[in-house]
Chemist: 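One structure, as structure tokens, below. Some questions next.
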Protein chains: 2
Amino acid sequence: MGEIRILLVDDHPVVRAGLRAMLTEFEGFTVVAEAPEGGAAVKEVQRLAVLGEPVDVVLMDLQMGGGMDGVSATKALKELPDAPPVLILTTYDTDADILAAVEAGASGYMLKDAPPEQIRSAVQSAAAGQTALAPEVAARLMGRIRNPAPVLSAREVELVELLSTGMSNKAIAKQLFISEATVKTHLVHIYDKLGVDNRTAAISVAVSRRIIRSAG
Amino acid sequence: MGEIRILLVDDHPVVRAGLRAMLTEFEGFTVVAEAPEGGAAVKEVQRLAVLGEPVDVVLMDLQMGGGMDGVSATKALKELPDAPPVLILTTYDTDADILAAVEAGASGYMLKDAPPEQIRSAVQSAAAGQTALAPEVAARLMGRIRNPAPVLSAREVELVELLSTGMSNKAIAKQLFISEATVKTHLVHIYDKLGVDNRTAAISVAVSRRIIRSAG
DNA sequence: CCTGCGATCAACCTTTTGGTTGATGACGCT
DNA sequence: AGCGTCATCAACCAAAAGGTTGATCGCAGG
């Protein structure tokens, strides 16, 4: 019944154009709005709701340069009355934000390099209120839920960030106004949780799990 | 005079669709072929040349999952008779392959999140045989040429790779069949070249300069 | 109320790194 | 032949990191 009304959220004009082109080629899809970041997306959803032309599905990128990031935007959208389903689109299936996004209420998670057909069916499922996960992502998620990776506390992430700049324990201690002993204790816990036994391996794992971002 | 005939090379269907949509909206641009990786791109260029419908500009992504990467493909294309200009498209303006691609003969370098207008004029310049660089990229390149970053030797890169797994000097020495003393000497040189003074900072810099890739 | 967890700190000891100096052989370029 | 670079190694010392044990405090959840 009727068209599926879609809002695209991505900071790359090229990607937005690609999704628009790809989706409008299929029957029954209309891209009714676009936004370059989360804040604008929320406003668009509200605006269209007021106009009586509500959005049926939001396609949301996770990595966005400026403005509100994908996870926050998903959270914000889900707090609206008549919140639309949010389908997350991302480049990396290793993204640490997968869990965060799903917990924030995303109904699905697709990789950007998925074939058009897969994207089409994911949007359709999401619009129908179902959950749509890319097989790779689903498998990964299930694995994590069965064997959950320990989550670093906020303080620990802070430590890892400083760690990755190459600071010594003493320097980190000074920066955070804590003792060197405390820094060492935190590090032991971090090593435990990341399954490593030294700082070098820790930042390597942290980068590949996208706990921290490497400048770029 | 006439249409500018374009070949798109990118492993993401979404990005290809976006570029195609974006470019065909402008006057005078035709996307005559697409390829998901470098090898196919080379074949396409040859095929079209034989048909008497040569490609005027190749738009090439650097990061491609499978097959021939962007730098190799650029090199291969430039060895063809009547090689078309290659315009590199990438996500990261910090990419260490910038230099490699330009050295391989790319006539320009654009960021994927550039506004459509900028992409249009870059393609036009490239087709006209001129060089087209995004301002950010140009500045960065000039900076590097004036103040060239010391290049790690092959052996040193090997060291950094092992380093990033968190191995100790002793373990690295064993792995490479050299003494621990030699490992330390190499490390001192690496620290020098990267402008850091410990292994943790070194791998951080190495990752952000894409000297090594972090799994993901 | 008790338990668990996160954050904080101390003291002690071992291992690893980092910094320095100096030396050798191989290779390529001029 | 001489120069520079790369890769190799040694010995020594100071600084940093890692490992262990044990302790205090506050807060959230059952």
Side-chain angles (χ1 to χ4, degrees), chain A residues 96 99-100 103 144-145 147-207 209 211-212, chain B residues 96 99-100 103 144-145 147-207 209 211-212:
Chain A
L99 272 178
E103 274 161 14
R144 286 218 195 158
I145 287 166
N147 193 7
V151 179
L152 296 193
S153 72
R155 192 55 155 176
E156 285 162 354
V157 171
E158 214 174 332
L159 264 281
V160 173
E161 256 153 21
L162 296 180
L163 201 60
S164 80
T165 68
M167 289 169 78
S168 71
N169 291 347
K170 197 180 294 181
I172 295 175
K174 210 167 280 179
Q175 175 105 27
L176 296 180
F177 304 107
I178 58 182
S179 83
E180 212 179 320
T182 304
V183 172
K184 291 174 83 173
T185 306
H186 281 309
L187 288 182
V188 169
H189 295 156
I190 290 169
Y191 299 160
D192 260 8
K193 290 184 178 179
L194 297 185
V196 300
D197 56 8
N198 64 59
R199 57 178 56 211
T200 312
I203 97 156
S204 192
V205 170
V207 168
R209 289 207 199 152
I211 292 168
I212 54 174
Chain B
L99 272 177
E103 275 161 13
R144 287 219 194 157
I145 287 165
N147 193 7
V151 180
L152 296 192
S153 72
R155 192 57 155 175
E156 284 162 354
V157 171
E158 214 173 332
L159 265 282
V160 173
E161 256 153 20
L162 296 182
L163 202 59
S164 78
T165 68
M167 288 169 78
S168 71
N169 292 347
K170 198 181 293 181
I172 295 174
K174 210 166 281 179
Q175 175 105 27
L176 296 181
F177 305 106
I178 58 181
S179 82
E180 212 179 321
T182 304
V183 172
K184 291 175 79 173
T185 306
H186 281 309
L187 287 182
V188 169
H189 295 155
I190 290 169
Y191 298 159
D192 260 8
K193 291 184 178 178
L194 297 185
V196 300
D197 57 7
N198 63 60
R199 56 179 57 210
T200 312
I203 98 157
S204 194
V205 170
V207 168
R209 290 206 198 153
I211 291 168
I212 54 173

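If you're wondering where the values come from, they're calculated on a predicted model, not measured in any experiment.
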Chemist: Quick one: are A:Leu163 and A:Leu187 in side-chain contact, heavy atoms under 4.5 Å?
Modeler: yes

Chemist: Quick one: is D:dT5 close enough that its OP1 or OP2 comes under 4.0 Å of any side-chain N or O from B:Ser153?
Modeler: no

Chemist: Using atom types as modelled and distance alone, determine if a side-chain donor or acceptor of A:Asn198 lies under 3.5 Å from a backbone N or O of B:Gly166.
Modeler: yes

Chemist: Roughly how many Å is it from CG in A:Leu159 to P in C:dA7, rounded to a whole number?
Modeler: 9 Å

Chemist: Do the side chains of B:Leu159 and B:Leu176 get nearer than 4.5 Å, heavy atoms only?
Modeler: yes

Chemist: Figure out the CD1/P separation between B:Ile190 and D:dC6, and round it to whole Å.
Modeler: 12 Å

Chemist: B:Glu161: what forms a salt bridge (charged side-chain N to carboxylate O under 4.0 Å, His left out) with it, not counting sequence neighbours?
Modeler: B:Arg213

Chemist: In terms of side-chain heavy atoms of B:Arg155, which of D:dG18, D:dC6, D:dT8 is nearest?
Modeler: D:dT8

Chemist: For DNA chain C, find the residues of residues 165-184 of chain A with a heavy-atom distance under 4.0 Å and give them by number; none if there aren't any.
Modeler: A:Ile178, A:Ser179, A:Ala181, A:Thr182

Chemist: Closest to the B:Arg199 side chain: C:dT17, C:dT20, D:dT8?
Modeler: C:dT17

Chemist: Step by step, work out the side chain to side chain contact (heavy atoms under 4.5 Å, CB included) result for B:Asn169 and B:Arg199.
Modeler: CA-CA 10 Å; B:Asn169 292 347; B:Arg199 56 179 57 210; 2.2 Å; yes

Chemist: When the distance from OH of B:Tyr191 to P of C:dT20 is rounded to whole Å, what number comes out?
Modeler: 13 Å

Chemist: Would you say B:His186 reaches D:dT8's phosphate, i.e. side-chain N/O to OP1/OP2 under 4.0 Å?
Modeler: yes

Chemist: What is the distance, to the nearest angstrom, from the CG atom on B:Asp197 to the C1' atom on D:dA16?
Modeler: 12 Å

Chemist: Starting at the 5' end of nucleotides 21-29 of chain D, put B wherever the base has a protein heavy atom under 4.0 Å, S where only the sugar-phosphate does, and a dash everywhere else.
Modeler: ---------

Chemist: Round to a whole Å and report the spacing from CG of A:Leu187 to P of D:dT20.
Modeler: 15 Å

Chemist: Out of D:dA7, C:dT8, C:dG6, which nucleotide sits closest to the side chain of A:Lys193?
Modeler: C:dG6

Chemist: What residues, two or more places apart in sequence or in another chain, satisfy side chain to side chain contact (heavy atoms under 4.5 Å, CB included) together with B:Lys170?
Modeler: B:Ser168, B:Glu180

Chemist: In which ranges does DNA chain C form stems of 3 or more consecutive Watson-Crick or G-U pairs, distances under 3.5 Å?
Modeler: C:1-30 with D:1-30

Chemist: Main chain of A:Ala181, side chain of A:Thr185: is a donor-acceptor contact present, judged purely on distance under 3.5 Å?
Modeler: yes

Chemist: For A:Val160 and A:Ala206, work out which heavy atoms get closest and say how close.
Modeler: CG1-CB, 3.7 Å

Chemist: Determine whether B:Ile178 and B:Arg155 make a side-chain contact, defined as any pair of heavy atoms from C-beta on separated by less than 4.5 Å.
Modeler: yes

Chemist: Partners of B:Lys174 by side chain to side chain contact (heavy atoms under 4.5 Å, CB included), sequence neighbours excluded?
Modeler: none

Chemist: What is the distance, to the nearest angstrom, from the CG atom on B:Asp192 to the C1' atom on D:dT5?
Modeler: 14 Å

Chemist: Quickly work out the A:His189 NE2 to C:dT8 P distance and round it to whole Å.
Modeler: 12 Å

Chemist: Do A:Thr182 and A:Ser179 have a side chain donor and acceptor closer than 3.5 Å?
Modeler: yes

Chemist: Could you check whether any side-chain N or O of B:Ser164 sits under 3.5 Å from a backbone N or O of A:Ser204, counting only pairs where one atom can act as donor and the other as acceptor?
Modeler: no

